[in-house]
Amino acid sequence: MIQLAYLLAATQGRLQSPEKQTRFQGFSHDTRQILPGEMFVAVRGERGDGHDYLFDAIERGATGLLVETRHIESMPEAEQERLKQITTVMVEDTRQALRAYASEILQRWQPTIIAVAGGVGKTSMKEAIASVLSRNYATFRSWKNYNDLLGIPLSLGRLEPQHEYAVLELGCDHPGELHKLCQMVKPHIGILTNVAPVQLQYFGSLEHLAKELSELLYSLPPEGCFWLNDSDARLVEIVAHYQQQRGSAVPDIRPLGIREINETQIRVGWEGLSFTLEQEGEMGTLTLASRLLGRQHISTMLAAYRIGRACGMSAEEVSEALEQLGPIEGRLNPLPGVYESRLLDDTHNASPGSVLAGLQALDELTNEGGKRIAILGEMLNLGYYQDDWYEQIGEQAASKVDYLILRGERTALIAESARQAGLASEQIELVSTHEDAAQLARAYLEREGEAGRNVVLLKGSEATRMERVTEMLMAHPEEAQEKLVRQTPGWKQILVLQTERPTWVEIDLSAIGNNVRKIREIVGPGVQILISLKADAYGHGALKVARTVLHNGASMLGVATLSEAAALREAGIDAPILIFGYVPYWQMREAVRLDVTITLYSSESAQALARAAQALRQSVRVHIKVDTGMGRLGIRSEQAEEILALVREAGELEGLEVEGIYTHFASADADDKTYAHTQLARFQHILELLERAEICPPVVHAANSAATLSLPEAHFNMVRPGIAIYGLDPSEEVRVPDGFKAALSFKTQIAQVKMIPAGECISYGCTYVTERPTRIAVLPVGYADGFRRAPRNWESVLVHGQEAPLIGRICMDQCMIDVSAIPQVRMGDEVVLIGRQGKAELTAEEIARRLGTINYEVVAEILARVPRVN
Ligand SMILES: *Cc1c(COP(=O)(O)O)cnc(C)c1O
């Protein structure tokens, strides 16, 4: 509960008008989650400014506002008036004000403050301690992972004067953060869970992290108490160092006593965790049990036990409270899964220590006859030190997992080391989408192991959003909202968390998976699908697209050049890859070595390729190319004899395998199919001759996307779509049917907003001169990103769901738009160059029309310097 008088006193805030309310239920900084009676705090953040939502907050029942004075003063009179309907407190800086309030209220009400910090397992430990204490005492606990300088004060809005204890989880994501948090809350009792590698991108090394964590120890008063997890060597070191430095007048330091627990007395099962303490005072032995899963919770339970006892509870009281303790969402939380499996949902976050603990629990909890499946996403926030850890995890997985599904490029390192440690290739899958991970797990659960005994561990860093896979594997997905992490509206809206640059391309790989399945429906089961991945998958990122299409029904890939194929092979793609283009003699050995399929249209090339194959004692597959009227690569179809001769010759050459024959349409994307039919007839004539001679290669193909969609007689036994699987129309006349989804969005962020007086020049050459005072925004995107300058440019982009015109010339890395008509535009706002924003959309087709080209060129020309995220 927040009392207005204390808030004003602590923050030196001013009321905008006489107060209407003097008490508020709590603070909220997100209008999507605000409850009636709460005070809305307008916070400026990386993803927007809470001041934009003041009226939204009022509409949703907020009875108070905490806002920044400068913002209110810059509001139009009428809006300022409207704010007077509720209690509006104005301060200089809302974050600062929240912190001041937190310190004030803790000092005023004097609860005993127990601070939990450390590497992993903080939330579980905070919950355990608070649950035990609340059996006997009025106990406050900080909210679920609201553990930073903003989150702690926000949750303290619910502190009540009668609370005797406040158990607070203190985050440690950035250097200096823990120190500030301790200064703010002044803990009396402290505990560190462990020193595990987390957030190392900010700390650089475990040593620096350990140093940061020791801040908690240094912040305790002499009459305070620190509980030492004596099973963590680094923590023991920290404490020894501290004692040396401080000498006397140190807080009481007491070990949890984990090392004294006898290994044989530890039980890990689905019913929970139990262990026995040998000499518990006059009690003799004492067994503690909880419903927490996994042995890493020994320290969680012991911390709660020791602190409960130290706070005056009896052993019976504490153990009774511990028995009530169960897993929390996203932390080794058992859930019923599909095909009677059990899920271990550990998707809250991932660091090396917690992944290893998860694998350990997976292994220990799987009964005989059951299969152990681990679905792991990437571990982010590890800085430069990650490779070793990925490898360690691969090693562990080899002995603790029967089927390993990995999502994200870095997890290839896990795959590699798991393979080296003995896990078979069939037991490892690399995927790019959540759907594919879930689909593979389903198929495996359906066919393997014993129903009722299979266990699936799901894990990954926050940003990898692995809870989506859990949802797809839950026996009761309707319970996802309640049982999974990150189900709030705010989280659901966030698609991409981090990019390397404020200009990026977002690829919806699920859309690509969907589009390939649609192609499958169109061509039916008997036709193979080869996906065209040339030019980095039309700018979509060839590797991730390759993984996705192969999991969704494609069996072959097509690229333009050997180097494109090599990149896929290097990343571990072992599906057949056809090179559409010219492979010169000097690349043929490399082609054989990479086991790619070559397009053949001359006898000389056939011989050279055969020589390369023989030299390497390998064989190489070829597809013969017939030019039926495209006038591009291939033997002209009039020269039937030459085609037959090449098929014969290649078939006889040692080292060559003639697997296919194909042609390519020049205008299958037109409404008028006359010419396509002419080409088709020429191709069919050649096929007849080959059949008559009984030398027709087994794989026959002709159809690009347009023909796949609009010329079923050209499907033969393989199709070669490209553009359609990216969800784009082959042409204005042949469009993708309903149900196909565009996969690519191109976005940037506003770099600066400013007023330019009338008569001033914008950009190079002064080709644009403002006619009136103009509010412009600068965008960090230019022609060196593929954002074209001439002869025509994009014309406009989307900001706040509205079109804003480009003004002046496009520069190499920047450009300007006129936002006079969109007053709410601020630095940092998202700008859409291709894709949707609110109800507005700029399609690649529309941009192609403006540029005077085709959608293919628009997407393929977004240059490599623009990061692709998904
Ligand atoms: C690019 C290409 C395709 C795919 O064409 P779309 O129009 O993108 O479907 C198929 N075959 C060959 C030989 C190609 O070069």
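Whatever order the structure lists them in is the order used to number ligands and atoms, beginning at 1. All values reported here derive from a predicted model rather than from experimental measurement.
Close approach to Y538 involves these atoms of ligand 1, each under 4.0 Å from a residue heavy atom: 1 (C), 4 (C), 5 (O), 6 (P), 8 (O).
Between P721 and ligand 1, no pair of N/O atoms sits closer than 3.5 Å. Considering backbone and side-chain atoms alike, Y662 places every N or O at 3.5 Å or more from each N or O of ligand 1. Of the polar atoms of Y856, at least one N or O is found under 3.5 Å from an N or O of ligand 1, judged by distance alone. Considering both main-chain and side-chain atoms, A706 never comes within under 3.5 Å of ligand 1 through any nitrogen or oxygen pair.
Nearest protein neighbour of atom 12 (C) of ligand 1, counting heavy atoms only, is H664 CE1, 3.4 Å. In terms of protein heavy atoms, atom 5 (O) of ligand 1 is closest to N704 CB, 3.5 Å.
Taking a cutoff of 4.0 Å between a charged side-chain nitrogen and a carboxylate oxygen, R419 and E416 qualify as a salt bridge.
Using a 4.0 Å cutoff on heavy atoms, R632 counts as a contact of ligand 1.
For N515 (side chain) and I725 (main-chain N/O), a donor-acceptor pair under 3.5 Å exists by modelled atom type.
Relative to atom 14 (C) of ligand 1, the option among M630, R720, K534 with the closest non-hydrogen atom is K534.
For the 3.5 Å distance criterion, the side chains of T663 and T628 qualify, holding a donor opposite an acceptor. With 3.5 Å as the limit, one finds no donor-acceptor pair spanning the side chains of T411 and E378. Side chains of Q439 and H551: no donor on one and acceptor on the other come within 3.5 Å.
Residue contacts with ligand 1 for S705 involve both N, CA, C or O and side-chain atoms from C-beta outward (heavy atoms, distance under 4.0 Å).
Sparse packing is recorded around CD of E732, with 12 or fewer heavy atoms of other residues, nucleotides or ligands lying under 6.0 Å away.
Ring pair Y662/F580 is tilted by interplanar angle, where 30° to 60° counts as tilted.
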